[in-house]
Amino acid sequence: MEVIIGPNKSDAVQSAARIIAKELRACPRLVLGLATGSTPLLLYRELVAMKLDWSRVKTFNLDEYVGLAPDHPASYHRFMWENLFRQVNINKECVHIPDGRAGDIPAYCALYEESIRAAGGIDLQVLGIGTEGHIGFNEPTSSLASRTRIKTLTQQTRADNAPSFGGQDRVPHHVITMGVGTIMEARQILLLAFGKNKARAVAEAVEGPITAMCPASVLQMHPTAKVVLDEAAASRLKRADYYRWVYDNKPDWQKL
Ligand code: PGA
């Protein structure tokens, strides 16, 4: 796992944006896995400002709330169109976000997996991390081999996401999420985390044991996972100095 610690959030976001832009320029037909929530907001703003060519890019989002229509103000459909897709030249047919109103959820999830396969798999998956270590909406104790499916949110996640809904009691209990196994098949993974309230989950994910109690810890098994943090999110890492040293002393050909 490569850990990149920026002096602040804006610096860390720029590192992440450079990684994505480099991949996108090298491969105009990139298949991108995308995340929602407060973490990638600034990243999407940065990517928009870079004026990249999205015309041949395919995207797959991690998750969506069950029962929400795409135009619901808190839906991830709405989030993605407002914060990224509407502002770049992406082809609407190339955007995939789980449908929260799917009737037959298991069949729909199998189809979502099939469309990822048909696209050739995900080249680069962007992730956030939950305060209890989830990736996508794979809450603690999710199978590390899980595929796209319905999940029940923890009360902690419902509390964390309450502001988007105007109260925790309005946050849906169920979601459709790519599985941990689905995420692990992405060729590259880029996890972003900012702020002190993510420090514990980050430390468990990067330096703790690999355990379903912290699903993000499975990324230790991924050959090319990168974790981009600000100082606050990195504040509980035991080896932070080492990660900084590695980053500052990269050979030229590895620099961004
Ligand atoms: P956040 O959520 O970006 O809103 O903090 C991250 C996540 O749940 O993965």
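Order of listing sets the numbers, starting from 1, for every ligand and every atom in it. Index from 1, following the sequence.
Applying the side chain to side chain contact (heavy atoms under 4.5 Å, CB included) rule to R187 yields the partners D123; only residues at least two apart in sequence or on another chain are considered.
In summary, the side chains of T131 and K198 do not present any donor paired with an acceptor at a separation below 3.5 Å, with no hydrogens or angles considered.
Of all the atoms in ligand 1, the ones that sit under 4.0 Å from a non-hydrogen atom of G128 are 9 (O). Each of the following atoms of ligand 1 lies closer than 4.0 Å to a heavy atom of H134: 7 (C), 8 (O), 9 (O). With ligand atoms numbered from 1 in the order given, ligand 1 contributes 3 (O), 4 (O) to contacts under 4.0 Å with heavy atoms of G37.
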F85 vs F79, ring-ring contact (aromatic ring centres under 6.0 Å, His included): CA-CA, chis, key distance, verdict: CA-CA 9 Å; F85 297 145; F79 176 99; 9.7 Å; no

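Among protein heavy atoms, atom 3 (O) of ligand 1 sits closest to T39 OG1, 2.5 Å. Summary of contacts: the protein heavy atom closest to atom 2 (O) of ligand 1 is K198 NZ, 4.1 Å. Given atom 6 (C) of ligand 1, the protein heavy atom at minimum distance is I129 O, 3.5 Å.
Classification of R18 and E23 as a salt-bridged pair fails, no side-chain N sitting under 4.0 Å from a carboxylate O. Here E231 pairs with R244 in a salt bridge; the nearest charged N to carboxylate O distance falls below 4.0 Å.
Compare P163, A201, S38 by their heavy atoms: the one nearest to atom 4 (O) of ligand 1 is in S38.
With a 4.5 Å cut-off on side-chain heavy atoms, L84 and W54 count as touching.
Below 3.5 Å of separation, one finds no N or O of N161 facing any N or O of ligand 1.
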